[in-house]
Trainee: 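Sharing a structure, written as structure tokens. Questions coming.
From a predicted model like this one, the values you see are computed outputs, not experimental measurements. Per chain, numbering begins at 1; letters A, B, ... match sequence-line order.
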Amino acid sequence: MKQQLEQLVLAALNNLPGGLLPEAPAPSAIVIERTRDTQHGDFATNVALRLAKGARRKPRELAEAIVAALPANPLVARTEVAGAGFINFFLTSNAYSQELATIHELGERYGRSTLGQGQRVMLEYVSANPTGPLHVGHGRQAAYGATLANILGAVGFNIAREYYINDAGRQMDILAASTWLRYLEICGEELPFPANGYRGDYVRPLAQKLHAKVGEQLRRPAAVVLANLPTDAPVGDKEAYIDALMSRARELIGADGFREVLELSLAEMLADIREDLAQFGVEFDRWYSERALGDSGAIDRALARLEAQGRLYRQEGAVWFRATEFGDEKDRVVVRENGQKTYFASDIAYHLEKRELGFERLIDVLGADHHGYIARVRAGLMAMGEPGDCLEVNLIQFVSLFRGGEKIAMGKREAQFVTLRQLREEVGNDACRFFYLMRSHDQPLDFDLELAKSRTNENPVYYIQYAHARVASVMKQLAARELRFDRAEGLASTGLLVGSQEQAVLNSLARYPEALEQAAVNRAPHTLVHYLRELANALHTYYNAEQFIVSDAKLRNARLALVLGVQQVLRNGLTLLGVSAPESM
RNA sequence: GCGCCCGUAGCUCAGUUGGAUAGAGCAUCAGGCUUCGAACCUGAGGGUCGGGAGUUCGAAUCUCUCCGGGCGCGCCA
């Protein structure tokens, strides 16, 4: 609908009498918007206001000229010039009937578009370190990323979904050490647990798996393990302590033994994360390992490229990247004094590789605490000759859990934190995804467990699902009365849908493609949630105002065609959100 | 100190490529089920869009400044 109006206005501008406009306006100058108030018609454009200044005309005068030049169109009943110089479009009821027929024709494909023109987009999300179970913050990133992937895919982008596994580096070593220590406990050794180790309960099952696999093979006496270690926190340095402990572990069980502990821990954690996400309806096309990146030589290639461009220098034994030349606030180390490459080095290599794979746009979904990292990765891409604006980062603000108004403390290193799995099991997947998605991602989220679980009218989760189920219920009732829905007759009789609620429902339905497009362009799944709520509201209001199953067959079928259209659009939207559309509840 | 995000109704939040009278939900109050599911609907009250200044036909939206909050500023990942 909107696009057709844009074409109309463009045609009108080209039809204007000579001399009215100094130059031909760009098509992008034409903005057609839904009106807020139905008194202003269905759509409006401010194009006359925008062009008035350059044309040295009064906005209303220009608007009148544009209206006069508009070609006739079956969608448009009438137009008017209003306010400061807005042009309002009133659509024919036929325009909306047509849209309803389209919904019935396209079914689950209704709303899809070619906006993205098949542009290849790499969407990376979650990418949590496999050093522990996913927590509620990751859950928000998962819900957002998976839904954004669905939405972008629906409007014609070619989306690849990726999870980047940070399986290289010190954090993994610390996890392996933590597993080994818990394993020693299972063996019967008594020793203190390091302050900087992973203290969560989830480490114990890893240790049990290890014990089941290797028996007492990796057992070493506690006294030997602890001999001559520096003092741990709070008195000593926890970093120095854990480093010494990890060196000791490698001495005692060998590099191979340590690797075995690490691999087992990693495999178990990843399996847990994958299962958790799969149960949450969050899938990926590729799980990509940081270690594989290093093994493939990609990091060396990226560094060589930077070196060739003259973007590296040596100082204090380390290799630095001149990030400040590309807008970052300070230069960054890529190779440490000890010869090890930094996480940042593998990260720019990773992003370079995405580009080399042919992705035109790279979207990263990250926790809000990563915002400092955007400038440096972009700088890295630019230094390697890639356009800086191909990288887009969507930061997800933090989640605070509440239980009945009381905030639940969280922290990954602490023994106690709420995992995504626990959250899902307590409130259910549907409520979980809905609550994650109902707020703008750049807004901190207060997630109230009691509210998400409640089956009262305070809980917004069921509102949309209920509208969907209600339509299903009507169809059951229809069958119970031994009546049958005649789609052809219904769609042929939509001229009977003249009530104000019916008009409101038709109007709301026709907005779905626009709502979907807006959610995609703004990377804002929450706007789709809001749209679906409004559509559900229109349905509920209509339901309370009118009987659908009436004796007049034409009217009955027209009304059923309408509410089935609502059900279809609700289902399409909920599916994109990853929320189920139940037939009954 | 520097950087990013944010401040909208009693509460939780929409609304930001500048548009017409700033909107929802919850809470409060008043109504609606012998009729397709009341997990619903209808109506009412409730606002210096954090303060101030600027840009212009027009600002919650853009700019500056101040106040208040969150998060970052490692040869960690």
Side-chain angles (χ1 to χ4, degrees), chain A residues 28 31 33 35-37 39-40 44-46 49-50 52-53 58-60 82-86 88 128-129 131 166-172 174 239 290 315-320 328-330 332-344 346-347 367-375 395 397-398 400 405 438-440 442-446 448 451 454-463 465-467 469-478 480-481 501 521-522 524 526-527 529-530 533-534 536-537 539-550 556 559-560 563 584-585:
Chain A
S28 61
V31 177
E33 288 179 317
T35 56
R36 196 188 297 261
D37 188 337
Q39 287 184 354
H40 298 134
T45 180
N46 62 357
L49 289 160
R50 291 170 78 112
K53 198 169 204 174
K58 288 185 175 158
R60 287 193 66 108
F86 294 97
N88 294 336
N129 288 358
T131 53
N166 295 130
D167 53 3
R170 186 159 171 272
Q171 298 307 321
M172 284 310 304
I174 295 177
E239 303 288 351
E290 183 185 355
Q315 186 178 307
E316 296 167 12
V319 180
W320 296 71
D328 198 4
E329 56 188 23
K330 56 180 82 166
R332 306 290 173 178
V333 171
V334 288
V335 183
R336 288 195 278 268
E337 198 175 353
N338 64 11
Q340 285 186 338
K341 288 150 197 145
T342 61
Y343 173 81
F344 173 60
S346 51
D347 226 53
D369 53 337
H370 283 67
H371 65 72
Y373 139 123
I374 302 169
L395 297 174
Q397 294 293 323
F398 289 160
S400 300
M438 64 193 274
R439 302 293 180 220
S440 170
D442 58 14
Q443 198 72 239
L445 176 67
D446 289 343
D448 193 315
L451 180 59
S454 73
R455 307 213 155 218
T456 69
N457 62 347
E458 291 173 48
N459 190 340
V461 181
Y462 303 108
Y463 189 85
Q465 291 184 319
Y466 183 44
R470 249 185 166 170
V471 176
S473 178
V474 168
M475 297 311 286
K476 276 178 212 144
Q477 188 59 227
L478 186 76
R481 297 186 195 178
Q501 287 86 10
V521 169
N522 296 330
H526 76 280
T527 59
V529 175
H530 284 266
R533 223 207 81 80
E534 283 166 24
N537 175 247
L539 187 278
H540 287 311
T541 300
Y542 182 33
Y543 184 95
N544 275 276
E546 303 286 355
Q547 287 282 313
F548 306 152
I549 304 175
V550 292
R556 179 176 71 235
R559 286 179 170 174
L560 291 174
V563 298
S584 66
M585 23 194 312

Trainee: Mind checking the C1' distance from C11(B) to C5(B)? Whole angstroms is fine.
Mentor: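 One C1' to the other, the span is 22 Å.
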
Trainee: Taking R556(A) for the side chain and V550(A) for the main chain, is one N or O donor matched with an acceptor at less than 3.5 Å?
Mentor: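 Pair found, side chain donor or acceptor close to backbone of V550(A).
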
Trainee: Whom does G18(B) pair with, Watson-Crick or G-U wobble, provided both distances fall under 3.5 Å?
Mentor: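 Across all strands, not a single nucleotide pairs with G18(B).
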
Trainee: Can you tell me the pairing partner of U28(B) across any strand shown, Watson-Crick or G-U wobble, with both distances under 3.5 angstrom?
Mentor: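 In the structure as shown, U28(B) has A44(B) as its Watson-Crick or wobble partner.
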
Trainee: For A82(A), is there any backbone N or O sitting under 3.5 Å from a side-chain donor or acceptor partner on H40(A)?
Mentor: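 No, H40(A) side chain to A82(A) backbone: no donor-acceptor pair under 3.5 Å.
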
Trainee: Looking only at side-chain atoms of L395(A), point me to the closest of U17(B), C4(B), G19(B).
Mentor: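 Looking only at side-chain atoms, L395(A) lies closest to C4(B).
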
Trainee: Please report the distance separating the P of G51(B) from the corresponding atom of A38(B), rounded so that it comes out in whole Å.
Mentor: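 Rounded to whole Å, the distance is 44 Å.
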
Trainee: On a whole-Å scale, what distance lies between the P atoms belonging to U48(B) and U16(B)?
Mentor: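 22 Å, rounded to whole Å.
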
Trainee: Roughly how far, to the nearest 0.5 Å, is OG of S473(A) from CG of L478(A)?
Mentor: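 Here the interatomic distance stands at 11.0 Å.
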
Trainee: So, the side chain of N46(A) versus the backbone of L49(A): is there a donor-acceptor pair under 3.5 Å, distance only?
Mentor: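 No.
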
Trainee: Work out how far the P atom of A24(B) is from that of C4(B), and round it to whole angstrom.
Mentor: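 A24(B) and C4(B) have their P atoms separated by 35 Å.
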
Trainee: Give a yes/no answer on whether the side chain of Y462(A) brings an N or O atom under 4.0 Å of OP1 or OP2 in A39(B).
Mentor: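 For A39(B), neither OP1 nor OP2 has a side-chain N or O of Y462(A) closer than 4.0 Å.
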
Trainee: Using a 4.0 Å heavy-atom cut-off, write out nucleotides 8-16 of chain B from 5' to 3' as B (base contacted by protein), S (sugar-phosphate only) or - (no contact).
Mentor: ----BSSS-

Trainee: Just to verify, what does Q315(A) make a side chain to side chain contact (heavy atoms under 4.5 Å, CB included) with, not counting sequence neighbours?
Mentor: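 Applying side chain to side chain contact (heavy atoms under 4.5 Å, CB included) to Q315(A) gives Y313(A), W320(A).
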
Trainee: Under 4.0 Å, counting only non-hydrogen atoms across every strand here, what does Q397(A) touch: a base, just sugar-phosphate, or nothing?
Mentor: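 It contacts sugar-phosphate atoms only.
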
Trainee: Which heavy atom in Q501(A) sits nearest to a heavy atom in E546(A), and how many Å separate them?
Mentor: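 Shortest heavy-atom separation between Q501(A) and E546(A) comes out as OE1-OE2, 4.4 Å.
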
Trainee: Checking F344(A) now: which residues fulfil ring pair (Phe, Tyr, Trp, His ring centres under 6.0 Å) with it, not counting sequence neighbours?
Mentor: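 If we apply the ring pair (Phe, Tyr, Trp, His ring centres under 6.0 Å) test to F344(A), skipping adjacent residues, there are no hits.
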
Trainee: Counting primed atoms plus P, OP1 and OP2 as sugar-phosphate and everything else as base, spell out the protein contacts along nucleotides 72-77 of chain B at 4.0 Å heavy-atom distance: B, S or - for each nucleotide, 5' to 3'.
Mentor: SSSBSB

Trainee: Using a 4.0 Å heavy-atom cut-off to protein, can you give one letter per nucleotide of nucleotides 41-47 of chain B, 5' to 3': B if the base is in contact, S if only the sugar-phosphate is, - if neither?
Mentor: SS-----

Trainee: Quantified in whole Å, what is the P atom distance between nucleotide C64(B) and nucleotide A9(B)?
Mentor: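 Their P atoms lie roughly 25 Å apart.
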
Trainee: Using salt bridge (charged side-chain N to carboxylate O under 4.0 Å, His left out) as the criterion, list what pairs up with R336(A), not counting sequence neighbours.
Mentor: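 Checked R336(A) against salt bridge (charged side-chain N to carboxylate O under 4.0 Å, His left out); zero matches.
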
Trainee: What integer number of Å spans the P atoms of C49(B) and G23(B)?
Mentor: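 Each nucleotide's P atom is 14 Å from the other's.
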
Trainee: N88(A) and A44(A): which non-hydrogen atoms are nearest, and at how many Å?
Mentor: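 Between these two residues, the closest heavy atoms are OD1-CB, 3.3 Å.
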
Trainee: In terms of the angle between their ring planes, are F548(A) and Y542(A) parallel, tilted or perpendicular, with boundaries placed at 30° and 60°?
Mentor: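 Tilted: the ring planes of F548(A) and Y542(A) meet at 30° to 60°.
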
Trainee: With rounding to whole Å, what would you report as the distance between U63(B) and G25(B) at their C1' atoms?
Mentor: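 That atom pair is separated by 34 Å.
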
Trainee: Picking from V333(A), T342(A), V334(A), what satisfies side-chain contact (heavy atoms from CB on, under 4.5 Å) with V319(A)?
Mentor: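 Of the listed residues V333(A), T342(A), V334(A), the side-chain contact (heavy atoms from CB on, under 4.5 Å) partner of V319(A) is V334(A).
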
